[in-house]
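Here the structure is laid out as structure tokens; the discussion comes afterwards.
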Protein chains: 2
Amino acid sequence: MSENNKQKAVLSVTEDIRAKILDGTYPEGMALSQVDIASTYQVSRTPVREALQILAGEELVEIRDTGRATVTTISPESFLEKCELRALIEVKLLELSIPLMGTEDIAKAREINESLKKCAPEEWTPLNYLFHEVLYKPANRPLMQNVIKDLHHRHYARLKSFILSHRNTPRSLREHDELIDRCERQDIEGACYALESHIMMSAYALAEQLKSQQLKRRQTASL
Amino acid sequence: MSENNKQKAVLSVTEDIRAKILDGTYPEGMALSQVDIASTYQVSRTPVREALQILAGEELVEIRDTGRATVTTISPESFLEKCELRALIEVKLLELSIPLMGTEDIAKAREINESLKKCAPEEWTPLNYLFHEVLYKPANRPLMQNVIKDLHHRHYARLKSFILSHRNTPRSLREHDELIDRCERQDIEGACYALESHIMMSAYALAEQLKSQQLKRRQTASL
DNA sequence: TACCAACAAAATGTATCCATTATGGTTTTA
DNA sequence: TAAAACCATAATGGATACATTTTGTTGGTA
């Protein structure tokens with residue numbers, strides 16, 4: 001018997017729209033018409049409507065009370081606050097992790113950071129998440145880890161192309177190295193401080209860039 | 001023209017099921033059949049399916065890959081971790097709030113705690129949330145505030161009847177009073193410590209109760 | 001008794017149809 | 001000219017019908 005190629009329509013539609021929002025194919029504010037999507041995927045509107053509800057729950061789509069759905073926008077303020085939340089939780093996870101880290105955890109982190117040093121630009125975001133994930137695994141806090149994963153995936157991923165052009169790669173790599181060293185030396189306080197700086201520094205820089213870009217876009221739009 | 005009495009079916013069905021899950025009318029693990037719900041609310045299955053998707057996004061309902069939907073269960077471990085997360089975020093919010101608090105904020109908090117002292121048991125949970133909300137408002141972190149609200153509503157609310165019978169009310173009230181005093185004295189460190197204890201102490205107690213209750217239930221179920 | 005196959009009943013997944021509501025453009029009017 | 005009213009178009013919300021999948025039961029066999 002051949003494998004099960006046909007997936008439920010809701011699932012494949014949801015996944016595809018999600019991917020298109022995350023990679024920027026469907027940009028901020030874009031209207032998502034049920035009929036258009038339905039004809040695009042050659043399905044009826046029923047699964048499309050459910051898919052939009054699911055994506056609305058993930059805050060990737062906004063459904064107004066008129067029923068119209070659009071891709072949500074990212075404000076610099078909410079971006080900054082998400083970074084703050086990220087920093088808060090990640091620092092706590094790191095603090096819990098360090099005392100429980102083994103040499104193999106350290107080695108794994110170093111290995112990922114080496115991959116980061118020579119990876120293609122598109123590979124950065126998932127690998128970078130992996131790096132952080134490895135550091136927090138010993139803490140054994142699946143829920144917090146999940147919140148972090150969500151923040152990365154639902155939020156950072158959408159800024160991917162943006163981050164690509166504004167990231168200070170050598171600096172990030174240096175900071176990763178420093179972070180690993182401090183973990184190895186069981187310097188909890190130092191490691192936590194380094195991590196918080198690592199996250200918030202790039203956050204402020206990105207938020208500034210976001211602000212000026214959105215300003216520019218609004219100006220060109222009003223021409 | 002008379003007011004708009006008819007709401008969209010998806011919304012009213014979602015709200016009603018959510019309320020029934022939160023107040024225990026629909027208990028943990030209960031199967032939620034689309035046809036049953038549809039006939040209960042006198043609507044077709046279409047809005048019911050969307051409602052279930054929404055509630056699944058809120059983690060109140062689980063939809064297995066067979067399509068069957070059930071009310072999610074609360075494990076003591078995930079409960080404890082949610083409390084940890086709550087404590088982490090609330091402590092940060094309090095830390096940010098205290099320097100920005102005015103006398104009217106303190107007064108408001110005292111007022112709510114006075115209401116708590118003489119309120120009916122069912123009023124405790126929302127009033128208690130309000131008390132905490134007032135304390136964190138000056139921090140001006142809408143996203144974090146929202147995460148906290150979610151944790152309270154989606155999680156604590158479901159334990160309402162349980163909390164009712166196991167809460168140490170006088171102790172909570174005393175701790176609230178102490179918390180307010182420390183805020184008024186701008187004792188950030190002391191207030192944060194008091195808050196963390198306040199949250200985690202009751203968390204551990206409740207988790208223990210939860211564990212033994214679920215154990216008891218499993219034993220009676222296997223008779 | 002235990003196990004398996006086949007079938008029946010019930011539940012979910014999707015498509016289509018109709019009703020209602022929102023949107024955009026045109027015409028009318030002040 | 002500007003604003004309001006109106007109408008045609010298009011989109012969404014919900015109901016129904018049908019297809020598919022899951023589940024439970026029955027009956028037969030080792």
Side-chain angles (χ1 to χ4, degrees), chain A residues 1-18 20-21 26-73 221-222, chain B residues 1-18 20-21 26-73 221-222:
Chain A
M1 188 190 191
S2 78
E3 63 250 283
N4 192 3
N5 262 346
K6 83 174 154 190
Q7 218 180 160
K8 285 178 190 170
V10 189
L11 291 183
S12 53
V13 171
T14 306
E15 282 169 21
D16 205 83
I17 299 178
R18 185 191 293 120
K20 289 206 164 93
I21 292 176
Y26 294 165
E28 289 188 5
M30 176 179 173
L32 297 172
S33 145
Q34 295 175 13
V35 283
D36 288 355
I37 296 172
S39 69
T40 299
Y41 296 97
Q42 295 290 315
V43 295
S44 77
R45 278 171 47 223
T46 314
V48 173
R49 289 172 55 177
E50 287 182 37
L52 290 175
Q53 291 288 4
I54 292 172
L55 294 168
E58 297 175 14
E59 291 179 52
L60 292 175
V61 160
E62 182 189 347
I63 300 180
R64 298 203 177 71
D65 44 9
T66 63
R68 255 71 171 187
T70 58
V71 178
T72 53
T73 62
S222 66
Chain B
M1 193 187 185
S2 77
E3 64 251 283
N4 193 2
N5 261 348
K6 85 172 152 191
Q7 219 182 157
K8 285 178 189 169
V10 189
L11 292 183
S12 53
V13 170
T14 306
E15 284 169 20
D16 205 83
I17 298 178
R18 185 191 292 121
K20 289 208 164 89
I21 292 176
Y26 294 165
E28 289 187 5
M30 176 181 175
L32 297 173
S33 145
Q34 294 175 14
V35 283
D36 288 355
I37 296 172
S39 70
T40 301
Y41 295 98
Q42 294 290 317
V43 295
S44 79
R45 277 169 49 224
T46 314
V48 172
R49 291 172 57 91
E50 289 183 37
L52 290 175
Q53 291 290 5
I54 292 172
L55 294 168
E58 298 175 14
E59 292 179 52
L60 291 176
V61 160
E62 183 188 346
I63 300 181
R64 300 203 176 71
D65 45 9
T66 63
R68 256 70 170 185
T70 57
V71 178
T72 53
T73 62
S222 64

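Hydrogens, waters and symmetry mates are skipped; everything else that's a heavy atom, side chains included, is used. A, B, ... follow the sequence lines: proteins, then strands. Residue 1 opens every chain.
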Euclidean distance, B/R45 CZ relative to B/I37 CD1, rounded to 0.5 Å: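 The CZ atom of B/R45 is 11.0 Å from CD1 of B/I37, to the nearest 0.5 Å.
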Nearest-0.5 Å distance that lies between atom CD1 in A/I63 and atom OG1 in A/T72: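 With rounding to 0.5 Å, CD1 (A/I63) is 11.5 Å from OG1 (A/T72).
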Nearest whole Å is fine: how far is [N] [atom2] from [X] [atom1]?
| X | N | atom1 | atom2 | answer |
| --- | --- | --- | --- | --- |
| A/I63 | C/dA22 | CD1 | P | 15 Å |
| B/R64 | C/dG13 | CZ | P | 13 Å |
| B/Y41 | D/dA15 | OH | C1' | 19 Å |
| B/D36 | C/dA9 | CG | C1' | 15 Å |
| A/Q42 | C/dT14 | CD | P | 15 Å |
| A/E50 | D/dT12 | CD | P | 16 Å |
| B/L11 | D/dG14 | CG | C1' | 13 Å |

Between [options], spot the one nearest the side chain of [X], thanks.
| X | options | value |
| --- | --- | --- |
| A/R68 | C/dA22, D/dT22, D/dG14 | C/dA22 |
| B/K8 | D/dA15, C/dT14, D/dG14 | D/dG14 |
| B/V35 | D/dA15, C/dA22, C/dA11 | C/dA11 |
| A/R45 | D/dT16, D/dT22, D/dG13 | D/dG13 |

Side-chain N or O of A/Q34 closer than 4.0 Å to phosphate OP1/OP2 of D/dG13: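 Yes, A/Q34 has a side-chain N/O under 4.0 Å of OP1/OP2 on D/dG13.
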N or O in side chain of B/S44 less than 4.0 angstrom from D/dG14 OP1/OP2: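 B/S44 to D/dG14 OP1/OP2: no side-chain N or O under 4.0 Å.
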Other residues, nucleotides, ligands: >12 heavy atoms within 6.0 Å of A/E15 CD: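 More than 12 heavy atoms, drawn from other residues, nucleotides or ligands, come within 6.0 Å of this atom.
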Along DNA chain C (nearest heavy atom to each residue), the more 5'-positioned of A/D65 and A/P47: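 In this pair, the answer is A/P47.
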Residue whose closest nucleotide on DNA chain C lies nearer the 5' end, A/V43 versus A/T66: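 It is A/V43 whose nearest nucleotide is closer to the 5' end.
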Contact check, side chains of A/L52 and A/Q34, non-hydrogen atoms, under 4.5 Å: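 Of all side-chain heavy-atom pairs linking A/Q34 with A/L52, at least one is under 4.5 Å.
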Quiz item: B/R49 side-chain donor-acceptor pair to D/dG14 base, under 3.5 Å: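 Checked by distance alone, the answer is no.
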Donor/acceptor link under 3.5 angstrom from B/S33 side chain onto base of C/dA11: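 Between C/dA11 and B/S33, which were checked side chain against base, a qualifying N/O pair under 3.5 Å is absent.
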Polar contact flag, side-chain donor to acceptor under 3.5 angstrom, A/Q53-B/Q53: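 Checked: A/Q53/B/Q53 side chains show no N/O donor-acceptor pair below 3.5 Å.
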